[in-house]
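Accompanying notes for the structure given below.
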Amino acid sequence: MDILDFKLSVIPIQKVEETFLSKAGISLSVLRTDLLHPQLSGNKWYKLKYNLLSASEKGIDTLLSFGGVWSNHIHALSAAGRLFGFKTIGVIRGELADPLNSCLKDARENGMRLYPVSRELYRQKNTPAFINSLHDQFGDFHLIPEGGANTLGIKGAAEILDDIDVSPYHTIAVACGTGTTLAGMLSSVPPQVGILGFQILKANGYLKREVEHMIQANKLNTPDNWHINDQYHFGGYARITRELHSFCKDFMKSSSIPVEPVNSGKMLFGLYDLVKRDFFPQNSSILAIHGGGLQGLRGFNY
Ligand SMILES: *Cc1c(COP(=O)(O)O)cnc(C)c1O
């Protein structure tokens with residue numbers, strides 16, 4: 001399939017009906033990017049799109065990237081490789097279990113070559129020495145950083161809101177791993193719409209600096225109307241508490257929107273908590289981005 005012919009379905013926006021929200025005068029809607037495509041769901045497709053196009057323009061038939069054993073990005077990359085005819089290599093942090101978990105099993109079935117490396121080596125993933133050694137081993141490839149966090153990823157993420165009238169919303173909320181999705185959306189929203197990112201990993205102020213760096217390095221013309229909340233990481237990346245777990249279960253039941261606890265679950269928990277703390281002014285209208293990643297739910301016992 002041609003990359004530019006890949007037609008996305010129109011992304012539905014679903015309103016969340018909860019008494020405490022209407023009592024607080026808050027309207028909360030969810031942008032269901034999880035419904036884009038069965039394998040290539042959510043923000044990962046957007047971050048991959050221009051990486052695929054760039055590789056294809058350069059005549060490079062292999063894509064290589066990095067991720068953990070439950071990485072939504074690795075999962076999406078393998079699906080993209082299969083759909084658009086690229087070879088894919090996934091450099092995986094840590095050991096491969098035997099049998100593989102369902103994420104990596106899908107990746108392998110999509111034709112991805114899995115290359116596990118130790119955690120120490122994985123930490124060097126951005127160093128020229130390590131990347132050269134990967135080239136020695138695998139030859140020519142288009143490298144996509146972990147999480148699709150590069151200029152082409154930002155460019156794609158800027159398209160998430162393309163078909164949506166964002167003017168009724170005061171705040172757009174998004175879960176942030178690398179911050180690429182936030183940076184992309186920031187370059188495409190009008191200045192009166194604020195963006196509130198929820199940092200899902202534990203590292204004080206880390207994401208704000210990352211996003212500032214991305215804005216500078218890519219000379220993005222962005223409004224200042226964005227903020228990162230780093231209070232809802234629940235102890236770190238992919239850390240989940242009983243409280244978060246039951247929040248996600250309750251949310252799925254009452255809204256019928258499936259969410260995973262690593263990204264969207266933390267964002268929604270944060271949003272609910274902030275509403276309860278009167279963080280948002282009365283009559284605020286919030287659009288929360290559902291980033292997809294539901295394949296990762298298979299790693300939890302729901
Ligand atoms: C990857 C992911 C994110 C984070 O995206 P970044 O661009 O890395 O900030 C958010 N939500 C879901 C479901 C994801 O899979």
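All ligand and atom numbering here is 1-based and tracks the order in the structure.
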For [X], the ligand 1 atoms whose distance to one of its heavy atoms is below 4.0 Å:
X: Gly177; result: 4 (C), 6 (P), 8 (O), 9 (O)
X: Glu260; result: 13 (C)
X: Lys47; result: 5 (O), 6 (P), 7 (O), 8 (O)
X: Cys176; result: 9 (O)

Salt bridge between Lys23 and Glu18, side-chain N to carboxylate O under 4.0 Å?
no

Do Arg82 and Asp106 sit within salt-bridge range, that is, some charged N less than 4.0 Å from a carboxylate O?
no

Does Asn72 approach ligand 1 within less than 4.0 angstrom via side chain, backbone, both or neither, non-hydrogen atoms only?
side chain

Which protein heavy atom lies closest to [atom], and at what distance to 0.1 Å?
atom: atom 1 (C) of ligand 1; answer: Lys44 NZ, 1.5 Å
atom: atom 3 (C) of ligand 1; answer: Asn43 ND2, 3.4 Å
atom: atom 13 (C) of ligand 1; answer: Gly292 O, 3.1 Å
atom: atom 7 (O) of ligand 1; answer: Thr181 OG1, 2.6 Å
atom: atom 10 (C) of ligand 1; answer: Ala175 O, 3.5 Å
atom: atom 11 (N) of ligand 1; answer: Asn263 CB, 3.2 Å
atom: atom 8 (O) of ligand 1; answer: Thr178 OG1, 2.6 Å

Heavy-atom contact under 4.0 Å between His73 and ligand 1?
no

Strictly by modelled atom types, are Asn72 and Gln295 linked by a side-chain donor-acceptor pair under 3.5 Å?
yes

Within the 3.5 Å criterion, strictly below it, is a donor on Tyr237 or Gln199 matched to an acceptor on the partner's side chain?
no

Sub-3.5 Å N/O-N/O distance, [X] and ligand 1:
X: Gly293; value: no
X: Gly179; value: yes
X: Ser264; value: no

In terms of relative ring orientation, are [X] and [Y] parallel, tilted or perpendicular, with 30° and 60° separating the classes?
X: Phe6; Y: Phe84; value: perpendicular
X: Phe251; Y: Phe247; value: parallel
X: Phe141; Y: His135; value: parallel

Do Phe130 and Ile74 sit in the same hydrophobic cluster, where Ile, Leu, Val, Met, Phe, Trp and Tyr count as joined when their side-chain heavy atoms come under 4.5 Å apart?
no

Tell me, with the steps shown, if Asn218 and Thr151 meet side-chain hydrogen bond (donor to acceptor under 3.5 Å, both in side chains).
CA-CA 7 Å; Asn218 294 285; Thr151 302; 2.5 Å; yes

Please report the C-alpha distance between Tyr122 and Glu146 in whole Å, then the side-chain angles of each, then the deciding distance to 0.1 Å, and finally whether the side-chain hydrogen bond (donor to acceptor under 3.5 Å, both in side chains) criterion is met.
CA-CA 10 Å; Tyr122 189 86; Glu146 184 184 55; 2.6 Å; yes

